[in-house]
Asks: 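Below is the structure I would like to discuss, written out as structure tokens.
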There are 2 protein chains.
Amino acid sequence: MSSTKKPKQATRADVAKMAGVSESTVSYALTGVRPISDETRERIEEAMKTLGYVPNAMAQALASKKSGLLALLFPVGERGFDETDFEYVEAATAAAAEDGYQLLLWPNAVEDVASLRKIVAQGLVEGVLLMEVRAQDPRVEVLRDSGTPFCLIGRTDDSQDLTFVDADFSQWGPMALHHLLDLGHTNIGVISMSSDLLEAGYGPGVRTEKPLLDLAKRLGITITIKHAKATIRAGREAFEELTAEQPDITALIGFNEPALIGALEVAGARGINIPEDLSMLSFGISDEAENMTVPAQTTIGVDGRELGRMAAQYLVARLNGDKKSVLQYLTQPQFVDRGSTGLAPLGQK
Amino acid sequence: MSSTKKPKQATRADVAKMAGVSESTVSYALTGVRPISDETRERIEEAMKTLGYVPNAMAQALASKKSGLLALLFPVGERGFDETDFEYVEAATAAAAEDGYQLLLWPNAVEDVASLRKIVAQGLVEGVLLMEVRAQDPRVEVLRDSGTPFCLIGRTDDSQDLTFVDADFSQWGPMALHHLLDLGHTNIGVISMSSDLLEAGYGPGVRTEKPLLDLAKRLGITITIKHAKATIRAGREAFEELTAEQPDITALIGFNEPALIGALEVAGARGINIPEDLSMLSFGISDEAENMTVPAQTTIGVDGRELGRMAAQYLVARLNGDKKSVLQYLTQPQFVDRGSTGLAPLGQK
DNA sequence: CTGTTAGCGCCTTCAT
DNA sequence: ATGAAGGCGCTAACAG
């Protein structure tokens with residue numbers, strides 16, 4: 001058996017002995033919390049190097065009450081992780097690492113408040129990042145009275161005094177309308193998410209829809225909305241209903257990725273050219289996912305990486321005792337033109 | 001300020017005092033490592049409940065040398081996290097959780113061996129999961145002589161005595177050929193990954209290509225391979241070259257997601273119908289990504305979730321002292337028919 | 001069945 | 001500028 005057994009890690013005591021100093025001096029040399037003579041510092045550093053000393057994370061955490069760990073709470077069973085979610089994770093991980101923190105992935109059902117309470121009580125993590133936040137989210141209360149700092153990606157209805165980062169959904173509709181109106185579209189269809197989601201208070205949905213409708217009315221744009229489940233099939237049906245009701249629609253806004261694919265399929269089958277016959281613009285779909293559709297979709301959406309990064313940074317700010325009364329960030333909508341919108345066809349009445 | 005301050009967590013000592021027993025008895029009541037009279041157990045449990053006691057993870061880890069944490073080392077900067085990678089993560093997280101372990105996300109450049117060494121020396125994690133394994137992977141040696149148990153997702157060239165899970169790439173080509181041959185295709189194009197990747201020994205590439213070519217030769221199938229970079233543009237060019245060289249191709253195998261999209265675009269522009277005029281089959285693209293293309297692609301690939309799950313389970317097995325000399329797992333290729341392949345058109349000679 | 005006693009490896013307040 | 005000593009909260013022998 002050439003299998004190497006666990007080599008014993010050098011401990012602070014070993015370093016102290018070898019350098020001929022006390023253990024605490026070694027600690028101070030490490031943290032720089034108090035002045036050390038250059039000479040002893042060198043001896044210590046050399047000892048550390050030859051011993052390959054690395055402070056033990058557990059002991060450090062236990063003694064200092066600082067684990068350097070953050071939890072990223074992500075919901076399981078919901079609608080599963082999608083690509084955008086993943087952008088958060090990656091960006092948050094990187095941002096946390098820059099500040100010396102590691103991210104722990106914690107799969108947790110939103111309703112499972114009991115184990116969340118237990119999890120934070122364990123004292124493993126210093127702070128928590130929450131994904132897939134609901135309008136009324138039971139996890140918030142648990143975290144709040146556990147005293148653990150946390151930051152939401154998304155927000156609750158009642159989040160004035162919470163730390164969060166979110167997309168500024170209220171701007172999506174107006175931005176889309178301006179873009180389409182500039183191209184001459186005045187009769188626009190929308191394939192949005194299911195009514196169930198909206199009625200459940202799903203933030204992106206409710207925050208987007210009203211400003212869109214309000215502005216359309218003021219601008220005199222005709223809007224026809226269809227709510228569809230998040231399936232390709234539902235998208236096909238929605239598109240068919242939409243075009244039956246409003247044959248003169250010249251542009252389509254989608255806020256429902258799978259349904260949009262369905263609409264694309266039907267349009268393709270009917271020989272509708274995009275953007276010559278119909279302009280398409282889609283909301284909130286991640287860059288990569290959107291590149292997959294043929295043709296690629298012009299998009300107004302959220303920069304997942306920015307959100308993830310900001311979330312981690314805000315959380316760390318809280319940990320470092322940032323006393324700003326409020327730490328909240330709304331990302332500007334991200335417009336990516338992939339050529340699926342164009343001038344409105346003429347002669348549509 | 002109604003802001004709740006960190007409530008002091010009850011400690012084992014508190015429980016012991018309240019229950020009128022010694023501290024160690026509390027521990028034993030928790031772990032069940034030694035018999036406790038029903039009566040004292042009840043007193044203890046009640047005390048725990050009223051105090052809301054939860055064992056401190058750090059202290060537990062320090063004393064027992066078991067943190068309950070696993071690291072998932074994922075490479076940054078490479079080609080970025082894609083959706084399939086994410087399936088590993090999600091599945092591994094879930095599987096680890098079932099065994100009582102948490103997954104720590106550790107972004108780490110493959111070459112950054114120094115910080116990897118440091119990371120494991122910290123003693124934070126009990127084991128490591130490695131993603132994006134290279135044919136020659138410097139991280140393996142570091143882990144091996146750190147004595148930290150680890151499991152690869154993928155494998156190195158020299159992995160006889162390593163613990164790993166990987167797809168059985170050698171079967172992909174044959175499976176694809178059989179499928180296409182059954183439909184009457186004997187002149188097949190391949191848009192594969194860049195030669196750079198292959199020359200660097202990228203496992204999925206090299207392990208797939210040779211068996212594919214070998215079997216094609218034996219079956220008398222004409223294969224024309226184009227290597228393209230992972231971009232849509234490169235895919236367009238590859239497809240154009242391919243069809244210029246071999247106008248009689250009736251089927252196309254893609255092993256390069258973005259390039260495949262490019263090929264699809266060109267095909268669409270030329271009015272080539274799939275699968276009537278051209279059958280398409282794609283390798284190793286994740287389910288979700290594949291559903292995004294229009295038309296959807298028939299795929300031979302890997303079940304990312306299975307891999308992630310197995311990886312976590314194998315690692316935990318190692319941690320639990322599973323002495324099986326070898327723990328290695330190859331997943332069967334996963335064939336998903338999405339209708340992009342069909343009978344070869346006639347009269348192509 | 002239960003209690004006592006060392007640690008685990010490090011941080012930190014007190015001394016000097 | 002440096003040491004000594006007392007925890008942090010828990011595990012795991014060692015004693016009854």
Side-chain angles (χ1 to χ4, degrees), chain A residues 6-45 47-48 51-69 100 118 120-126, chain B residues 6-45 47-48 51-69 100 118 120-126:
Chain A
K6 201 125 199 161
K8 223 152 297 309
Q9 258 295 129
T11 161
R12 195 186 55 164
D14 300 329
V15 177
K17 200 183 307 166
M18 178 174 245
V21 296
S22 83
E23 292 192 32
S24 58
T25 303
V26 176
S27 288
Y28 290 122
L30 237 13
T31 62
V33 174
R34 87 185 185 188
I36 304 268
S37 78
D38 286 358
E39 192 231 350
T40 51
R41 147 163 292 120
E42 275 171 31
R43 285 216 314 285
I44 291 177
E45 282 175 351
M48 295 199 302
L51 291 174
Y53 171 73
V54 177
N56 178 287
M58 293 306 172
Q60 217 165 329
L62 179 59
S64 68
K65 309 263 168 223
K66 287 183 187 320
S67 65
L69 297 178
K118 194 161 173 180
V120 295
Q122 285 186 134
L124 220 205
V125 301
E126 296 181 48
Chain B
K6 203 123 195 161
K8 222 152 298 314
Q9 256 298 128
T11 164
R12 197 186 54 162
D14 301 330
V15 178
K17 200 184 306 165
M18 178 175 246
V21 298
S22 84
E23 294 193 29
S24 59
T25 302
V26 176
S27 289
Y28 291 123
L30 239 11
T31 63
V33 174
R34 86 185 186 188
I36 304 270
S37 76
D38 287 357
E39 193 229 352
T40 50
R41 149 164 289 120
E42 275 171 31
R43 286 216 314 285
I44 292 177
E45 282 176 350
M48 296 200 300
L51 291 174
Y53 171 72
V54 177
N56 178 288
M58 296 305 175
Q60 219 166 332
L62 178 59
S64 67
K65 308 261 170 226
K66 287 182 188 317
S67 65
L69 297 178
K118 195 162 175 180
V120 295
Q122 284 185 136
L124 221 206
V125 301
E126 296 181 48

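Remember, it's a predicted structure, so these values are computed and weren't measured experimentally.
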Asks: Below 3.5 Å is the cut-off: list the nitrogen or oxygen pairs between protein and nucleotides 7-11 of chain C, distance only.
Replies:
{"residue": "C:dC8", "atom": "O3'", "partner": "B:K65", "partner atom": "NZ", "Å": "3.0"}
{"residue": "C:dC8", "atom": "O2", "partner": "B:A63", "partner atom": "N", "Å": "3.4"}
{"residue": "C:dG9", "atom": "OP1", "partner": "B:K65", "partner atom": "NZ", "Å": "3.2"}
{"residue": "C:dC10", "atom": "OP1", "partner": "A:Y53", "partner atom": "OH", "Å": "2.7"}
{"residue": "C:dC10", "atom": "OP1", "partner": "A:N56", "partner atom": "N", "Å": "3.0"}
{"residue": "C:dC10", "atom": "OP2", "partner": "A:T11", "partner atom": "OG1", "Å": "2.9"}
{"residue": "C:dC10", "atom": "OP2", "partner": "A:R12", "partner atom": "N", "Å": "2.5"}
{"residue": "C:dC11", "atom": "OP2", "partner": "A:S27", "partner atom": "OG", "Å": "2.9"}
{"residue": "C:dC11", "atom": "N4", "partner": "A:R12", "partner atom": "NH2", "Å": "3.2"}

Asks: At less than 3.5 Å, do the side-chain atoms of B:Y28 and the base atoms of C:dT4 form a donor-acceptor pair?
Replies: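 Counting by modelled atom types and ignoring angles, no donor-acceptor contact under 3.5 Å is found here.
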Asks: Any side-chain heavy atom of A:L30 sitting closer than 4.5 Å to one from A:M48?
Replies: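 In contact.
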Asks: Between C:dT2 atom C1' and B:E42 atom CD, what is the distance in whole Å?
Replies: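 One finds 17 Å between C1' of C:dT2 and CD of B:E42, rounded.
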Asks: So which heavy atom on A:L124 is nearest to which on A:L69, and how close?
Replies: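 Smallest interatomic distance, heavy atoms only, reads CD2-CD1, 3.5 Å.
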Asks: For residues 51-61 of chain A, which side-chain N or O atoms pair as donor and acceptor with protein atoms under 3.5 Å away, sequence neighbours left out?
Replies:
{"residue": "A:N56", "atom": "OD1", "partner": "A:M58", "partner atom": "N", "Å": "2.8"}
{"residue": "A:N56", "atom": "OD1", "partner": "A:A59", "partner atom": "N", "Å": "2.8"}

Asks: Which heavy-atom pair separates A:A121 from B:Q9 by the least distance, and what is that distance?
Replies: CB-OE1, 3.5 Å
Asks: May I ask you to say what B:V21 touches in the nucleic acid, namely base, sugar-phosphate or nothing, with a heavy-atom cut-off under 4.0 Å?
Replies: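 Sugar-phosphate contact only.
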Asks: Going by the rule salt bridge (charged side-chain N to carboxylate O under 4.0 Å, His left out), which residues pair with A:E126 if we only count those two or more places apart in sequence or in a different chain?
Replies: none
Asks: Report the C-alpha separation of A:T40 and A:R43 in whole Å, then their side-chain angles, then the decisive distance to 0.1 Å, and conclude whether the side chain to side chain contact (heavy atoms under 4.5 Å, CB included) test is met.
Replies: CA-CA 5 Å; A:T40 51; A:R43 285 216 314 285; 3.9 Å; yes
Asks: Figure out the CZ/P separation between A:R34 and C:dC14, and round it to whole Å.
Replies: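 Distance check: A:R34 CZ to C:dC14 P gives 13 Å.
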